[in-house]
6 protein chains.
Amino acid sequence: MTASLDRQVSIDGDPPLDPPGGAVADAVGRALAEDLLPLGDLTASLIPGSTVATVGIVSRVPGVIAGRACALATFEQVDQSLQVTWAAGDGAAVSPGDVVATVSGTLRSILTAERTTLNFLGHLSGVATLTRRYVEAVRAANPSTRILDTRKTTPGLRALEKAAVRAGGGHNHRGSLSEAVLVKDNHLGGISITEAVERAKRLWPGRMVEVECDRTDQVIEAVAAGATVVMLDNMGLDQVAECVALVAAAGSDALVEVSGGVTLATAPLMAAAGADLISVGALTHSAPVLDLGFDLPADAGGMG
Amino acid sequence: MTASLDRQVSIDGDPPLDPPGGAVADAVGRALAEDLLPLGDLTASLIPGSTVATVGIVSRVPGVIAGRACALATFEQVDQSLQVTWAAGDGAAVSPGDVVATVSGTLRSILTAERTTLNFLGHLSGVATLTRRYVEAVRAANPSTRILDTRKTTPGLRALEKAAVRAGGGHNHRGSLSEAVLVKDNHLGGISITEAVERAKRLWPGRMVEVECDRTDQVIEAVAAGATVVMLDNMGLDQVAECVALVAAAGSDALVEVSGGVTLATAPLMAAAGADLISVGALTHSAPVLDLGFDLPADAGGMG
Amino acid sequence: MTASLDRQVSIDGDPPLDPPGGAVADAVGRALAEDLLPLGDLTASLIPGSTVATVGIVSRVPGVIAGRACALATFEQVDQSLQVTWAAGDGAAVSPGDVVATVSGTLRSILTAERTTLNFLGHLSGVATLTRRYVEAVRAANPSTRILDTRKTTPGLRALEKAAVRAGGGHNHRGSLSEAVLVKDNHLGGISITEAVERAKRLWPGRMVEVECDRTDQVIEAVAAGATVVMLDNMGLDQVAECVALVAAAGSDALVEVSGGVTLATAPLMAAAGADLISVGALTHSAPVLDLGFDLPADAGGMG
Amino acid sequence: MTASLDRQVSIDGDPPLDPPGGAVADAVGRALAEDLLPLGDLTASLIPGSTVATVGIVSRVPGVIAGRACALATFEQVDQSLQVTWAAGDGAAVSPGDVVATVSGTLRSILTAERTTLNFLGHLSGVATLTRRYVEAVRAANPSTRILDTRKTTPGLRALEKAAVRAGGGHNHRGSLSEAVLVKDNHLGGISITEAVERAKRLWPGRMVEVECDRTDQVIEAVAAGATVVMLDNMGLDQVAECVALVAAAGSDALVEVSGGVTLATAPLMAAAGADLISVGALTHSAPVLDLGFDLPADAGGMG
Amino acid sequence: MTASLDRQVSIDGDPPLDPPGGAVADAVGRALAEDLLPLGDLTASLIPGSTVATVGIVSRVPGVIAGRACALATFEQVDQSLQVTWAAGDGAAVSPGDVVATVSGTLRSILTAERTTLNFLGHLSGVATLTRRYVEAVRAANPSTRILDTRKTTPGLRALEKAAVRAGGGHNHRGSLSEAVLVKDNHLGGISITEAVERAKRLWPGRMVEVECDRTDQVIEAVAAGATVVMLDNMGLDQVAECVALVAAAGSDALVEVSGGVTLATAPLMAAAGADLISVGALTHSAPVLDLGFDLPADAGGMG
Amino acid sequence: MTASLDRQVSIDGDPPLDPPGGAVADAVGRALAEDLLPLGDLTASLIPGSTVATVGIVSRVPGVIAGRACALATFEQVDQSLQVTWAAGDGAAVSPGDVVATVSGTLRSILTAERTTLNFLGHLSGVATLTRRYVEAVRAANPSTRILDTRKTTPGLRALEKAAVRAGGGHNHRGSLSEAVLVKDNHLGGISITEAVERAKRLWPGRMVEVECDRTDQVIEAVAAGATVVMLDNMGLDQVAECVALVAAAGSDALVEVSGGVTLATAPLMAAAGADLISVGALTHSAPVLDLGFDLPADAGGMG
């Protein structure tokens, strides 16, 4: 990873859609309960309650920030009197040493909030950073190709991780089993792709109906049946290019999604081969943490 | 990673301590709500409700399993009539192709549970697998050195991830800010290490009092004050060896913990230098997922 | 309403998709807490604990049943030893006097569960019954027209009410704001329909993009931009027919949805005019309860 | 329904008792979770984040307002920076076109909150409106007759619906099984009315003890045993008048409640016959929604 | 306290009403989370998982049992395979050495459940025991006097403590502010007792309307206004007797409740003076724990 | 109890560690739900909504205050517009008639909050008061002896009660089974003390390992094995003194805890005998409530 990650914002220059506030408050409340119950922060009690400080949240490495809402909620839930100034919003690219935010107030409270804040920010910024790398990797190859997440999210954090993918410039695949139809081979016991697509369009009108395809003939069948998206599962470059051509030849506006084992090295090739969408499970299930820290100035701490 | 990972169990051959059941049920309930509300599994509704199947949960790669309790709770919450046979318990090393568990019942229910099950199993087994690699890396160098996790856990999953560390053969550092005292430099504004340790021992009798040290004189002071553990933060090998000798020379039974940027390459060196404990944040914040899948036999699916 | 309501099942004869189990258990737990805290059922305490009975849940009027899962969960949460036999599953049409289910066990428990059971069953069956009436009203006029619900659901009961609509033979419009894009006039401050649709398709690939239209030129624009569904808001019959023709003439496979003030009288006319979808808010926000009761046989009650 | 509905307030001109705040916050949190998880409002993301607007909540029809606390909590939970001015409090009668409240702020936030706000306001105002109609219907016939709700409430919304009944000028029957004793025929297996009342008064001192009566001899027995209220179940007008006379003749201060199938047409007759209380399940289980909408001025929307 | 405490059961020999099951499950879940998160029972992990045992729950002192449902739920939530045999149900009087219940199964699980089980049983049995002492103290003096609890309960445990009072043979005063009207002097700013009672009877028909009285003229006024109960607050014996006579002279069936500082010594005197009800806050806010323990047989523990 | 209770603060004059805020908010929310659902405060509705008042929370007896955070959260959750001025913080000693806090605002709201506020304050101040008495009892005898609580806390209130113990000047024993190892005789089926301690130190590095001892030879074994704390269970004074000497003779820095049946009379003797720690279950399971009340000035209440 280099420091070249660009600020990727949504169309019109607006920031991407934030996670729903309820999901933020609940996740933060759970995390603080994990860390503070039943006795609170034993070590913080050693510090005089009158000591105040100003602390910077600083990035040690290049990356993309996500999780601001969680950090703010953490400070709020720990101590409403803390003053927070945020410098690098969700989606901002940071370089080593960049200050992401500054927090002022009682040192006890700041230190009590430190680990929970960093656990959210580090994980979600890790997701945004990896997403941004994929986004940048495919942009030159094919500016219309979009990077998608999957449902392979950390249990309990789906709303937050999907928002982090958006902060990184990626797009969200379906949010849940309840949102759209995705027919995989395991679903096809006893019915054909054609039957499955038609049934889906009948039962769930208007929704995305996607079909996972391992072979070109499945792509042809899915497109003919009216699939919204065909997912090419673990296909090679040539097969992908062939399927893209098949869809075009059929006069369909179905989107072509490439999925399964795509890496930063192969993603631009898939994009160049015409993939509309590339979905990457690793964005959410295997992104390493972004290294961030709380930096207390050398002369910090004083009696208020 | 190779297939050589051994089955690591706790003393006496007993399995490591499971996560508390309440934490499992709550996490699973939240994850299923994320995936199924409000309409349920749209795609599953395409499959006839009478189709039954037996599916194997299979590892694609070598690794160590963790998260069985979560998988069982997922199947239970989705459909109590599913029959599950578990083959590889928490802590078991698996090779590519090994069957971890077998599930029988209504195909609709099995597919509805698939992703949530794999999200838990994959993430927690990823944690256990990385832990096991560290445990094996240090064992030859120093069989008494223990690998520790940290509080750098995924928000909402601390109990589960710490159990996964145990499944991997690692040990748990403090579970929360409420459990023990760990004095870091940020805590030392205006008071000395000696004062901090004495105050901690007075206020929180009997508990672990750990001091983060950047320099050897801090180690000497912490040991003299009666610290239970001295954490050597980002020290080099020579410094670690020097500190280990200092603690021994002081006649102290304080444990020496090495922390900060330890890798699979440097961990055995730190162990050989005499570290009692090596803590690794990456175990929980950056472990890649373990690749597991649901395999439906070719002839699966039939009218019950 | 007459007794002529038919059993409407989904394609292939399978029952419609049940509500997610978690939504059922939570809603039932809340309802029982409302009715029983803090002291429990004062009146039930007057009955000897040894009295047992068998009670029938009986419909007083013709209708369609929904809410079985809620009723079962209510009995289960009140007293696990109650025996319940269910006669008329979700989607079944019943006539006055028909027994929906039979419950045996401690009379105290049965009476404690009575009102909560009926509140769920009555409300959800009311939704299913009204839905069925619309479904039957349009079937003769146009068998391919589908009746849809809306997001105008009772707060806290969306998953259950949308399942009741399915039980009635209707289909679900989007489950939430998170599932699909529906551009209304309020969204169009400063951007055109074309821009909105293109932006939606870029930001949220593959999803349904629906546009609410008040005029025929908006329909033309929406279809040209690639909308998945055009919603004709409060249009007259002639306008609807004109729009259906316009969509066909454009060679689009966009669905035409009629919405706004549709009644049982006008729905078949709209269907005959070519509407693919008719959405009716009243299905969930104004369906009267279905009148059901607990009937204790004249000779009921005896010492066990 | 006509526009003649009067403002009905409690004694002393004070507004009726609000629902408990915890019940409001919980119900609103659940409703927003239903509508926004996991991805948030997809359509709102199409609008520039800088667009601000002022929107009026307007009634399309005559009615009585209830649910203000829920609406306020919805705006608060979606976006704390929204400014809300409330014009028509709980219990206020509105005419078509009346502005109930005005909301100013970010258009995205206002539209995200729209449906949840209206779902609460529409349903609860529907309850209040139907209640008011009953209250007005009986007032001329007998000013001391009170209209009561029942426990036939929507699961999860009891506190809110019972507050809406109060807003409509009605009164609350018991809030739960835990509050008071109501002996129905199903409770009388093996014990007499006399025994039941005496037992209830012994076990649950001071509480209301009500007896459901189908016959005049039961009324006589209940009153003699000391019942607080006798409920005349599905009796005709003559029977009601006879029972009222019987209670008076007994010198009892027991209240006479009429219940079962009372309509707007029959309620004043029952009141004139001397009923102290008339309970109407339909107030909460079958009240149609009050038609309210968000009206954006024609020139709304601008870059802030 | 002596061993003479009798088994006090409700009318007809039936046991008193249990607490609602939902309240039990929630309270137990919270208590186990307090004790087991995040790591579980560290000490139990030292015991081989194969060790099984049978443990008796034994009373060290005489008392009355309450809390069985909580104990059962605790064992169930910790380990569903534990076998529990209950010997002394809620309301049973026990002597020192009496076995309340026997638990068999994995020793690890039994010890993990021990403290939570005893915290519930000890506290609730303490409440039941103190209640029984008051009940027995007044029985000889006036068999129709009933002992009442108050709303002075431990936050979060009201349902359980009120059930424990019933187990002790006491009766429940109002369960909440929502159940009944109790006018205290603080409520009387600007309105008279007469106005308050009439308003209460108008607004909340049928409910108990109780008035706290410090003087005899207040009793006269409250009774004349139609109060259901008059509460004599901190009155002396003579005043109580005078008030009892005043109520009788008025031909009222209002109940006379004595409240405020009543002790085991004064309770029988108040009963003899004619009090219908004696309410004692100490039953729930100051009852000492009942001393119970888990007794492992000397030869317990073996490899299963 | 006398009025001589001193203000006991932690080292450095700082107040003791507050309970975690999440625990406070949750407990208060539950308590208010217990008291206000579903209808709210019936009696408060009798008071004109315009009446305002200023009320003092006054102690009737000498004691030590704890629970301020709960009281503040109660007022906040009932009515955010109430103004509260706090006079006696957690740990403050109060005399009869002392004003603990003053609350101003709508009288309805103040009275609705009264009982919940007092239930928290009274119970937690009762815990703090009893703790203070033990602390003062041992201070003269041995200033280094500390008073500890136990895990014998009221279910659901552990975090709050342990904070109340700190407010009283006591110290917290382990917060949960997850925090530290405490080997009791029930754990020793089949393994020796030496094995248990070594296993505990191996499995749970750095943590407190405490051993319950009934005999002096067990103390010797535990100390030799490296126990952090030896708990002398129900030993007499001479035995305690002997064990203290044994530990010193062994050159161990293990702490000596006395436990089991210690009273205010025996605690100073145990302290004088050299106990480092004295744990008292009664602090949390049997502390009587501290008598506090809401005092409305005689001229209170007026139209705002």
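In what follows, chains are A, B, ... by sequence order, proteins preceding strands, each numbered from 1.
- Checking side-chain atoms of E:E34 against main-chain N and O of F:L157 turns up a donor-acceptor pair under 3.5 Å.
- Between E:T43 and F:V181, the shortest heavy-atom contact is OG1-CA, 3.4 Å.
- Taking F:E179, F:R174, F:R158 one by one and counting their heavy-atom pairs under 4.5 Å with chain E, the maximum is reached by F:R158.
- Only the backbone of F:L37 has a heavy atom closer than 4.5 Å to any heavy atom of chain E.
- Among E:A180, E:A287, E:A27, the residue with the largest count of heavy-atom pairs under 4.5 Å with chain F is E:A180.
- For residues 120-128 of chain F, a heavy-atom distance under 4.5 Å to chain E picks out F:F120, given by residue number.
- In terms of heavy-atom proximity, F:W204 sits nearest to E:L42 at NE1-O, 3.4 Å.
- Expressed to the nearest 0.5 Å, how far CG of E:L111 lies from CG of F:N186 amounts to 5.5 Å.
- For the options E:L182, E:D291, E:V209, E:L188, heavy-atom pairs under 4.5 Å to chain F are most numerous at E:L182.
- Residue F:E195: no heavy atom, backbone or side chain, is found under 4.5 Å from chain E.
- In terms of heavy-atom pairs under 4.5 angstrom with chain F, the leader among E:G175, E:C70, E:G156, E:G29 is E:G156.
- For the side chain to side chain contact (heavy atoms under 4.5 Å, CB included) with E:R151, the qualifying choice from F:D35, F:T116, F:L118 is F:D35, the only one to do so.
- Ranked by heavy-atom pairs under 4.5 Å with chain F, the first of E:G40, E:P155, E:A44 is E:P155.
- For the pair F:S286 (side chain) and E:P288 (backbone), a donor-acceptor distance under 3.5 Å is absent.
- Heavy atoms only, all atoms of each residue included: F:L203 and E:L46 are closest at CD1-CD2, 4.0 Å.
- Take E:T150 and apply the side chain to side chain donor-acceptor pair (under 3.5 Å) test, not counting sequence neighbours, and it matches no residue.
- If you measure heavy-atom distances from F:A33 to chain E, you find no contacts under 4.5 Å at all.
- Residues forming a side-chain contact (heavy atoms from CB on, under 4.5 Å) with E:H285 (at least two apart in sequence, or on another chain): E:K152, E:A282, F:V289.
- Considering only heavy-atom pairs separated by less than 4.5 Å from chain E, the leading option among F:P38, F:A196, F:A31 is F:P38.
- The shortest heavy-atom contact between F:L177 and E:T112 is CD1-O, 3.7 Å.
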TODO: Determine, step by step, whether E:D26 and F:R30 satisfy the salt bridge (charged side-chain N to carboxylate O under 4.0 Å, His left out) criterion, reporting the C-alpha distance in whole Å, the side-chain angles of both residues, the deciding distance to 0.1 Å, and the verdict.
DONE: CA-CA 11 Å; E:D26 285 353; F:R30 272 197 297 278; over 6 Å; no
- [ ] Give the intermediate values and the outcome of side-chain contact (heavy atoms from CB on, under 4.5 Å) for residues E:T154 and F:N119.
- [x] CA-CA 6 Å; E:T154 309; F:N119 283 351; over 6 Å; no
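- F:T284 does not touch chain E: none of its heavy atoms, backbone or side chain, sits under 4.5 Å away.
- With sequence neighbours left out, F:A225 forms a side-chain contact (heavy atoms from CB on, under 4.5 Å) with F:T194, F:V197.
- Annotation: side chain of F:T153 is not in contact with side chain of E:R115 (no heavy-atom distance under 4.5 Å).
- The line from CG of F:L39 to OG of E:S176 is 8.0 Å long, rounded to the nearest 0.5 Å.
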